[in-house]
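Have a look at the structure below, then the notes.
Just so it is clear: chains get the letters A, B, ... in the order the sequence lines come, proteins before strands, and each one is counted from 1.
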Amino acid sequence: MSNLPELEPKSVTNPPVATIASLAAHVGDTVTLRGWLYNIRSSGKLLFPSFRDGTGTIQGIVPKAAVSEEVFERVKSLTQESSIIVTGRVRADARAPSGFELDVENLEIVQLVPESAPYPITPKEHGTDFLMEHRHLWVRTPRQSSILRIRATIMRAAQEYFDTNGFVRTDPPILTPAACEGTSTLFELDYFGDPAFLTQSGQLYMEATALALGKVYSFGPTFRAEKSKTRRHLTEFWMIEPEVAFMDLEGDMDLAEAFLIHIVSRVLELHRADLNVIGRDIAKLEAVIAPSNQSVILSEATAGSESKDPDASKPSDTAQSLSAAKVEGAEGASAARSAFPRLSYDEAHAMLESAFKDGKLEAPHIYGDDLGSPDETYLSSQFDKPVMIHRYPAASKAFYMQPDPLDPTKALCVDVLAPEGYGEIIGGSQRVDSYDLLKARILEHGLPLSAFEWYLDLRRYGSVPHSGFGMGIERAVAWICGLDHVRETIPFARTLNRIYP
RNA sequence: UCCUGAGUAGCUCAAUGGCAGAGCAUUCGGCUGUUAACCGAAGGGUUGUAGGUUCGAGUCCUACCUCAGGAGCCA
């Protein structure tokens, strides 16, 4: 803005003496904070301005008798979200919301929000449409800031897990010549006269780099143009996708489990305060990483269905021969093993059948169909850890998934459903490694062979069994933070009806 | 794409077919421990848009627009 006041040079060049998050270590000290006015209350000759600086909030106190008339009037004139530089002494005080209070000695206004056009987001309630329209300001509120801090840790922990376990990050292109899976609706754009698309998954490219480097992962934005309008969908979202050569489906599941445990552990380690700000039930997250003998199976149906089809969860012959690779792929898994429940599709179907009979589901699950959202919600609500559903009917799954050698009508795939009804956060599979089968699958799905010649090359030259998965960051953040909508998990959500701001 | 619901003050919401209302925000006044402070006063409206029914429409009818969350699909 053009009406910014001149700053004292020292204010610009001196770093803040303290951040609000670090004030516990500065009790008794006089410090300088740089930030914004969050809210102000007054009681006659006493002012209670609350400041925020991005790391937290603290209540200041300004008795009229304690400061100059000029400073008192300046603080009194402050409007919500005016930017300030404030100096004062830190004092522990049980009456303050955070337990600490700042005895204000001096305050400089950097920019005063005009009274004629006050800050639109008040400390009172607002509707989601209004808040999304003001997302650029909404991110300033303590709750939204806490969510974004946790998101950053989840992203860092996810990369950290792969970086410290021998994976090489190889990011696939975002502009692609054709649909990766041939199923989703993609955003189309003009590429110098030719059609091109924004990527919906880097997986096919990750298979190429996995066969070059062994263990790889990618991390970046993906795009889906489907007209999905639910609390679980964004049109632009971030996905992290590992891919490992010589790893089978069982190894893939071990990897996903160790990966999730690492992420949840990091959040619990670093973000107790933020989780409290957003009101998350921390015990639910602790249950996820608790040792398996403390895992609670909430449903009788599970115990019953596990004995029905013992073969379904047995590793295939291929898997057994690859057991060394499986351990290699999921290093660290055994150290932090919490044993997420694993159900075959058949076992899950049995659970859904009995749930429907007991009136816990409105619609019956039809054997052979993919799981619907209500089905997933029911299944995940039966466990206090993420649940893995594996070996779905091949007909309902993508063309590149390896058939189960014990039952070729099933695909060697896995969906990980987050607890508390948060739905699918991970989808993975062992990939078809036979040239002939892959070619047949591409043709069966009506996909243009020419676009997949490079992908078929991966089976012509040194094909090996390999597996991987993709985790949607925003769904993981929504689950870990206990949010009811993914739009709060990303700084600027892109949804079916919103591309502003 | 389908189903359901909602659009009234800057914000959150009221208003049997019969005078357009409240709280918060803003402005003014009061208060030396406030906790989304409180108390008093003031300003603030083309009821999403276009038609229709009616003596009279925020309210009923039709179409459209915008948004929401559910299905499908997915992470």
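One cannot find a donor-acceptor pair under 3.5 Å joining the base of B:G72 and the side-chain atoms of A:Ser373.
By the salt bridge (charged side-chain N to carboxylate O under 4.0 Å, His left out) test, A:Glu81 pairs with A:Arg52, A:Arg140, sequence neighbours left out. Applying the ring-ring contact (aromatic ring centres under 6.0 Å, His included) test to A:His134 and every residue at least two apart in sequence or in another chain returns A:Phe130. Listed by chain and residue number, A:Leu496 satisfy the side chain to side chain contact (heavy atoms under 4.5 Å, CB included) test with A:Lys227 (two or more places apart in sequence, or in another chain). Among residues two or more places apart in sequence or in another chain, the side chain to side chain contact (heavy atoms under 4.5 Å, CB included) test is passed with A:Asp274 by A:Ser146, A:Arg149, A:Ile150, A:His271. Annotation: side chain to side chain contact (heavy atoms under 4.5 Å, CB included) contacts of A:Asp484 (sequence neighbours excluded): A:Arg231, A:Glu488. Not counting sequence neighbours, the partners of A:Ala157 by the side chain to side chain contact (heavy atoms under 4.5 Å, CB included) test are A:Glu160, A:His262, A:Ile263, A:Arg266.
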Dot-bracket, 5' to 3', for RNA chain B please: Watson-Crick or G-U pairs under 3.5 Å, [ ] where pairs cross earlier ones, | where the partner sits on another strand, dots elsewhere. (((((((..((((....[..)))).(((((.......))))).....(((((..]....))))))))))))....
Given protein heavy atoms under 4.0 Å, the one-letter contact record of nucleotides 22-28 of chain B, with B base, S sugar-phosphate only and - none, is simply --S-SS-
Using nucleotides 65-67 of chain B, report all nitrogen or oxygen pairs with the protein that are shorter than 3.5 Å.
from	atom 1	to	atom 2	distance (Å)
B:C67	OP1	A:Asn497	O	2.8

Tabulated below should be each protein N or O lying under 3.5 Å from an N or O of nucleotides 30-32 of chain B; please produce it.
from	atom 1	to	atom 2	distance (Å)
B:C31	N3	A:Gly44	N	3.0
B:U32	OP2	A:Lys45	N	3.3
B:U32	O4'	A:Ser43	O	3.4

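Of all the residues in residues 414-421 of chain A, not one reaches under 4.0 Å from RNA chain B with any non-hydrogen atom. Residues from residues 143-150 of chain A lying near RNA chain B, meaning a heavy-atom separation below 4.0 Å, are absent.
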